[in-house]
Every structure is written in C-alpha cells, then in structure tokens.
Amino acid sequence: MQRREFSRSLLAAGATTAMGATAALTLTPAHAQLAGLKEGTDFVRLGRPAPVDSPAGKIEVLEFFAYTCIHCYNFEPLFTDWMKKSPANVVVRRTPVAFNDAFVPLQRLYYALEAMGQVEAMHEKVFRAIHVDKQRLNSSEAITTWVANQGVDREKFVGFFNSFAVAGKSRRATQLQDAYQVEGTPSLGVGGRYYVTGQGPRTLVVANALIADLRKA
C-alpha cells in the first residue's frame, strides 16, 4: 500500500485470508540471477547508501511493513518462511513504518513486543486483530487493552511501550524508512544499497538476486 493511501485511510484495510502457499518458491541465488531483473522496475539502486546496523560481513535485509496494511498481512507468511531459510550471513529485521504520527503507536507496539520476546507469538495476532477481527488498534489505550487480553502482562508491556529504548527504536525505524525512500509497503531494503517493492514471491526472488550481488562485492 502506498504512503498516500495510508494517509487517506489508516485503518480501512479489509479482511482477507493470508497467503500460505510457499512450495512453488525457488529462492536460491542461482535461480534468482536467471530471472531477468531490471533496475528501475524490479529494484531501485539507492543514490546514497542507507545506514546499516549489522556487523561487517553480514548483509542486512529490512522488511518495511505496517500492521494496518492488508498487503503486508498477505505477504507476511511468505516473508516469515523466507526469513527462516535465510543464510547465516544475512541479518533480517522487520521495520515498522511511520508515514505520519498516527502510525507511531503500532510502531511502538512492535518494538515493545520485540523487547519482551513476544514477536513470534504475537506478530500474526496483531495482523489478524486488525484485518480479520476489525479491532481499531489506533491508540496506546486500545493497544494496551488488546495486548492484555491476549495474556501479555499489562504492566510490563506498558513499561516497555513507554520506554526510551522503544522510542529510540521507533525513531531509528523512521530514519531507515526515509533513508530507503520508502513510499509503500510491503517493501524491502537490501544491504543499504537496494530497495525492492512488491507483495508476492517475486519480491523474494529479487531480494535473493541482490543478496548474491552483494556477496560478490
């Protein structure tokens, strides 16, 4: 979903069934290099490299997403499966976007869950709450109530949600979003050099090709 569409209707995403089939994907770099990729169509090479937070020798891949984006909800099963199969020298991070201030509560939700070690248990539940159950998680109060109803300790969650650490991670996410010039979600930032838009299996094929290119470099 594009930035301008988010601005018009932040929580208007409709319900849909998440894409679950990944068997047809062939995500090896060797195959991806044969895919006939075109710069400017399949990916964008950044004019100025974006900062990376991974150590030397690691290739950083960022997934830019928003919980309110129906396309992100559909893409998430594919991306999660790909992430689990990524090579040891690839560091994958989810990066919640904030196209305006209305996004910040959900941005903080993600980083609070991450700090509590609850992303694996709760990430998909947040998507389903918004897109299937039609929960309006658009404020800190609504988010806290919903999280507590899922069995997460309310007091601990509020502490992390309002912490300087989570606020700092949210600011960093927005800085990275701007450095990659993100205009829509879901999208990927690869190695501080490439930006990939898209919603389906080809997005991950392109990412593998770019990772292979960075390995050679």
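What you are looking at is a predicted structure, and each value in this text was computed from that prediction instead of being measured. Note that these values count all heavy atoms, side chains included, but never hydrogens, waters or copies made by symmetry.
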Beyond-backbone contact of Trp82 with Val205, side-chain heavy atoms, under 4.5 angstrom = no

So NE2 of His131 and SG of Cys72: to nearest 0.5 Å the spacing works out to 7.5 Å

Here the pair of heavy atoms bringing Leu214 nearest to Gly191 is CD1-CA, 3.7 Å

Separation between OG1 (Thr197) and CG (Asp42), nearest 0.5 Å, reads 8.5 Å

task = Begin from the C-alpha positions of Tyr195 and Leu62 and carry the test side chain to side chain contact (heavy atoms under 4.5 Å, CB included) through to its verdict.
result = CA-CA 9 Å; Tyr195 175 65; Leu62 306 180; over 6 Å; no

Scan the side chains in residues 87-98 for donor-acceptor partners under 3.5 Å anywhere in the protein, sequence neighbours excluded, and list what turns up.
{"from": "Arg93", "atom 1": "NH1", "to": "Ser54", "atom 2": "OG", "distance (Å)": "3.1"}
{"from": "Arg93", "atom 1": "NH1", "to": "Glu60", "atom 2": "OE1", "distance (Å)": "2.5"}
{"from": "Arg94", "atom 1": "NE", "to": "Glu76", "atom 2": "OE2", "distance (Å)": "2.8"}
{"from": "Arg94", "atom 1": "NE", "to": "His123", "atom 2": "NE2", "distance (Å)": "3.3"}
{"from": "Arg94", "atom 1": "NH2", "to": "Glu76", "atom 2": "OE2", "distance (Å)": "2.8"}
{"from": "Arg94", "atom 1": "NH2", "to": "Thr80", "atom 2": "OG1", "distance (Å)": "3.1"}

Hits for side chain to side chain contact (heavy atoms under 4.5 Å, CB included) against Ala167, two or more places apart or cross-chain, chain-then-number order -> Arg108, Arg171

Walk me through it: do Thr144 and Arg154 pass the test side chain to side chain contact (heavy atoms under 4.5 Å, CB included)? CA-CA 7 Å; Thr144 300; Arg154 175 189 289 268; 3.4 Å; yes

Phe157 meets the ring-ring contact (aromatic ring centres under 6.0 Å, His included) criterion, sequence neighbours left out, with Phe161

* Asked: Taking side chain as C-beta onward, heavy atoms only, is Lys58 less than 4.5 Å from Val52?
  -> no

Any sub-3.5 Å donor-acceptor pair from Asp213's side-chain atoms to Ala209's backbone N or O?
no

Hits for side chain to side chain donor-acceptor pair (under 3.5 Å) against Arg45, two or more places apart or cross-chain, chain-then-number order -> Glu39, Tyr194

*Ile143 vs Leu106 side-chain heavy atoms within contact, under 4.5 Å*: yes

Distance col, row Thr68:OG1 vs Arg136:CZ, nearest 0.5 angstrom, shows 11.0 Å

Query raised in the report: Would Val147 and Val104 show up in the same hydrophobic cluster when neighbours are defined by side-chain heavy atoms closer than 4.5 Å?
Result: no

Audit row: Gln107, Thr174, side chain to side chain contact (heavy atoms under 4.5 Å, CB included) steps and yes/no: CA-CA 9 Å; Gln107 204 179 38; Thr174 302; 3.3 Å; yes

Only residue of Phe99, Phe103, Tyr180 satisfying ring pair (Phe, Tyr, Trp, His ring centres under 6.0 Å) with Phe64 is Tyr180

Side chain Ser187, main chain Glu183, donor-acceptor under 3.5 Å
no

Hits for side chain to side chain contact (heavy atoms under 4.5 Å, CB included) against Phe160, two or more places apart or cross-chain, chain-then-number order -> Ala112, Ala115, Met116

Rounded to the nearest 0.5 Å, the CG atom of Asn149 sits from the CD atom of Gln135 at a distance of 8.5 Å

Quiz prompt | Leu113 side chain reached by Val126 side chain, heavy atoms, under 4.5 Å | solution = yes

TODO: May I ask you to test the Val190-Phe43 pair for a side-chain heavy-atom distance under 4.5 Å?
DONE: no

Practice prompt. Kindly indicate whether the side chain of Pro105, heavy atoms from C-beta on, has any atom under 4.5 Å from the side chain of Ser139.
Written response: no

ask   = Does any N or O in the side chain of Asp153 come within less than 3.5 Å of the main-chain N or O of Glu155, such that one atom is a donor and the other an acceptor?
value = yes

Fill in: Side-chain donor/acceptor of Asp81 to backbone N/O of Pro77, under 3.5 Å
no

Margin query: Count I, L, V, M, F, W, Y as connected when their side-chain heavy atoms are under 4.5 Å apart, and connections chain through other members. Are Val152 and Val158 then in the same cluster?
Written below: no

Those residues at least two apart in sequence (or on a different chain) that pass side chain to side chain contact (heavy atoms under 4.5 Å, CB included) with Pro51 are Arg172, Leu176, Ala179

- Item | Evaluation steps, side chain to side chain contact (heavy atoms under 4.5 Å, CB included), between Phe79 and Leu188 | CA-CA 10 Å; Phe79 183 76; Leu188 305 179; 3.7 Å; yes

dist Glu114:CD -> Met122:CE (nearest 0.5 Å) comes out at 14.5 Å

Using the ring centroid of each side chain, check whether Tyr67 and Phe127 are separated by less than 6.0 Å. yes

Practice prompt. Give a yes or no answer on whether the side chain of Asp178 reaches the backbone of Gln181 with a donor-acceptor pair at less than 3.5 Å.
Written response: no

One should read off an interatomic distance between Arg193 CZ and Arg48 CZ, to the nearest 0.5 angstrom, of 13.5 Å

- request: Could you tell me whether a side-chain N or O of Gln150 sits under 3.5 Å from a main-chain N or O of Trp146, the two making a donor and an acceptor?
  value: yes

